[in-house]
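For reference, the structure discussed in these notes is given below.
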Amino acid sequence: MKLDKKEVKKIANLARLELTDKELEIYGPQLSDVLSYIDQLQEVDVTNIEPTAQVTGLENVMRDDEVEEWPNDEVESALGQAPEREGKYIKVKRVL
Amino acid sequence: MKLNELTIKQAREGLDKKEFTSIELTVACLDVIKKENKKINAVLTVCEKEALEEAKKADERIARGEISELTGIPYLAKDNYLTKGVRMTAASKILENYIAPYDATVIKKLREAGAVLLGKTNLDEFAHGGSTENSAFGVTKNPHDLARVAGGSSGGSAAAVAANMCIFSLGSDTGGSIRCPASYCGTVGLKPTYGRASRFGIVAMTSSTDVPGPLTKTVEDASIVQRAISGHDKNDFTTTKEPIGNYTDKIKKDIKGLKIGVPKDFFVDGMNKDIEKSVRDAIKKLKDQGADIIDISLPHTKYALAVYYIITPSEISSNLGKFDGIRYGLSEQKDAKDLNDIYFKTRGKGFGAETKRRIMLGTYTLSAGYYDAYYLQAQKVRTKIIKEFDQVFDKVDVLITPSTPNIAFKIGDRKDPLSMYLEDIFTLSPSLAGLPAMSVPCGIVDNMPVGVQVIGKKFDEGTVLRVANSITP
């Protein structure tokens, strides 16, 4: 699989990454190299093999949906790292 | 012997016999960090004031007789663990000024045990790498040869233990990130079973393989730390309720009659011949102590790297979606024209090259039209790798392999990403299968340490530690 500059740009767009022209040039061949390496998996016969979902055998771990109190200083510290806030809310630019 | 050079066990005895205080022990470590860190760059943040306060409290606890195995013992934690009130960067520009609002569960457990946090260690950005060259804050150098890498991604934690900046350290392992630097720096490093210790409060990389674990000076020390940090956590649903053994007692048992598998697929063409000899010598040592050595084969090992470099970037692209410049960390709000533009600018500026590469790789392998061919196929081959391990572990108790194919390489030597990824080939498959595995020193090649890897059955850290202990002098 060879990725050209246009395709790298499309992926970066999906990943919400602003890339410089230089980065777009470099990543094409580097990503293509890794993709051609991982293509070898196509040769493995996986007929009737289930994909792995969990490795230690846990299934459907449940808990009650309850609000837990969090210490106030920790809440403040977490909210305080937002660039803009109003009271307990984080301010963002308009969405629509 | 200087205080900072002590093992946990020796420091414990000295503290309990009142030969020295936790404050003296802590100061001895802080002094070495101050003196050596400019050269090695193992530590990103030093918490001197907090550490001295914690050491004082530990001394008071010891005076009252409220002693656990780690009370008063100074340690360093990889800078992807949240430690309340202290900066946590994950070695990324995007988190350069982030202050952790709370403690990771593992840190909380160590705090309750009375261990003393000295600071935070360097890593590859978001733990993406095997050399700590991907840190946004400079490469960590190998204390055995400053021109060489310390390995990664827990390179700072391994180098700090090797340079005696602490009594032990914490790392995290996703595909070899504890075992590789342990091998390169000549320390002990344990990756426990997936789910053995909580991931809560550790920056997520690959949620299906990430585990916290110790880097130490001896196998016995690793058993002490692992026991202290293990256990079920309501904040991490993947943690196990399987009982934790008394590893420290278990490691003293002999290995007579133990069945040790040697997978031929881990002794590959092109690997360093002297490393192979060191590993074969370690195997002979086990045989001489009465273990049965059994040749086995794990033919799907050769696909582990390809599987890993689909699953890991896929999970990374999802886990790192949260870095949006809105809630915390770097935010390029000022010049952005709209909300979407904040995401693009923040992420474009904040993430380093390898992190961007992995995010894009994962975005690609998960995208419409490619999901079945890459991600689903990789999870199916992963099932085959796991089944193969299961079958082999019906016949043997542990497996022995080299930890890495080479000794620590020169800084800047692995320029293209794929050649860097290949350094991980021996450590990836146990991670994909969630098995416990550790690296212990087994020799010296070209004046650099070499590690041997012991892989065990699910939840059987005890036997892994016991075999590892029989290899080290």
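Protein chains get the first letters and strands the later ones, always in sequence-line order, with residue 1 at the start of each.
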Roughly how far, to the nearest 0.5 Å, is the CD atom of Glu74(A) from the CG atom of Asp103(B)?
7.5 Å
Contact check, side chains of Thr56(A) and Phe459(B), non-hydrogen atoms, under 4.5 Å
yes
Identify which part of Tyr421(B) has an atom lying under 4.5 Å from any heavy atom of chain A, answering side chain, backbone, both or neither.
side chain
Would you say the side chain of Leu41(A) lies within less than 4.5 Å of the side chain of Tyr374(B), judging by non-hydrogen atoms?
no
Over all heavy atoms of both residues, which pair between Pro83(A) and Gly325(B) is shortest? Give the atoms and the distance, please.
CG-O, 3.8 Å
Take Arg63(A) and Lys234(B) through the side-chain contact (heavy atoms from CB on, under 4.5 Å) test and state the conclusion after the steps.
CA-CA 9 Å; Arg63(A) 66 164 168 84; Lys234(B) 68 175 173 51; over 6 Å; no
Is the closest basic N to carboxylate O distance between Asp73(A) and Lys84(B) below 4.0 Å?
yes
Main-chain N/O of Arg16(A) paired to Arg347(B) side chain as donor or acceptor, under 3.5 Å:
yes
Counting only heavy atoms not in Lys91(A), do more than 12 sit closer than 6.0 Å to its NZ atom?
no
Going from CG on Leu361(B) to CG on Leu31(A), what distance comes out if it is rounded to the nearest 0.5 angstrom?
6.0 Å
Under 4.5 Å from any heavy atom of chain A - which part of Thr240(B):
neither
Under a 4.0 Å N-O cut-off, is there an ion pair linking Glu23(A) with Lys356(B)?
yes
Let me know if Leu330(B) has heavy atoms under 4.5 Å from chain A in its side chain, its backbone, both or neither.
neither
Might you work through the side-chain contact (heavy atoms from CB on, under 4.5 Å) test for Met360(B) and Leu19(A), ending with a clear yes or no?
CA-CA 11 Å; Met360(B) 285 196 286; Leu19(A) 298 185; 3.9 Å; yes
Verdict with supporting geometry, Tyr364(B) and Glu7(A), side-chain hydrogen bond (donor to acceptor under 3.5 Å, both in side chains):
CA-CA 10 Å; Tyr364(B) 183 76; Glu7(A) 282 162 309; 5.8 Å; no
CD (Glu50(A)) and NZ (Lys387(B)) are apart, to the nearest 0.5 Å, by 8.0 Å
Honestly, the part of Asp324(B) sitting under 4.5 Å from a heavy atom of chain A is neither
Closest heavy-atom contact between Val55(A) and Ala433(B)?
CB-O, 3.9 Å
Using every non-hydrogen atom in the two residues, find where Phe237(B) and Met62(A) come nearest and quote the distance to one decimal.
CE2-C, 4.4 Å
Step-by-step side-chain contact (heavy atoms from CB on, under 4.5 Å) determination, Tyr370(B) to Leu35(A):
CA-CA 12 Å; Tyr370(B) 297 106; Leu35(A) 287 174; over 6 Å; no
Heavy-atom closest pair (Arg94(A) atom, Leu339(B) atom, distance to 0.1 Å) is O-CB, 4.2 Å
Gln81(A) (side chain) donor-acceptor with Ile99(B) (main chain) under 3.5 angstrom:
yes
Inter-residue atom distance Tyr102(B).OH - Trp70(A).CH2, 0.5 Å rounding
6.0 Å
Judged by atom type as modelled, is there a donor-acceptor pair below 3.5 Å linking the side chain of Lys384(B) to the main-chain atoms of Ile49(A)?
no
Which portion of Ser419(B) sits near chain A, non-hydrogen atoms under 4.5 angstrom:
neither
For Asp416(B) and Gln30(A), what are the C-alpha separation, side-chain angles and deciding distance, and is it a side-chain contact (heavy atoms from CB on, under 4.5 Å)?
CA-CA 7 Å; Asp416(B) 74 291; Gln30(A) 286 180 342; 6.0 Å; no
Using the side-chain contact (heavy atoms from CB on, under 4.5 Å) rule, pick out the option among Ile359(B), Thr363(B), Thr346(B), Thr355(B) that qualifies with Leu17(A).
Ile359(B)
Distance col, row Lys380(B):NZ vs Asp45(A):CG, nearest 0.5 angstrom, shows 10.5 Å
Using modelled atom types and a 3.5 Å cut-off, is there a donor and acceptor pairing between side-chain atoms of Thr52(A) and backbone atoms of Thr383(B)?
yes
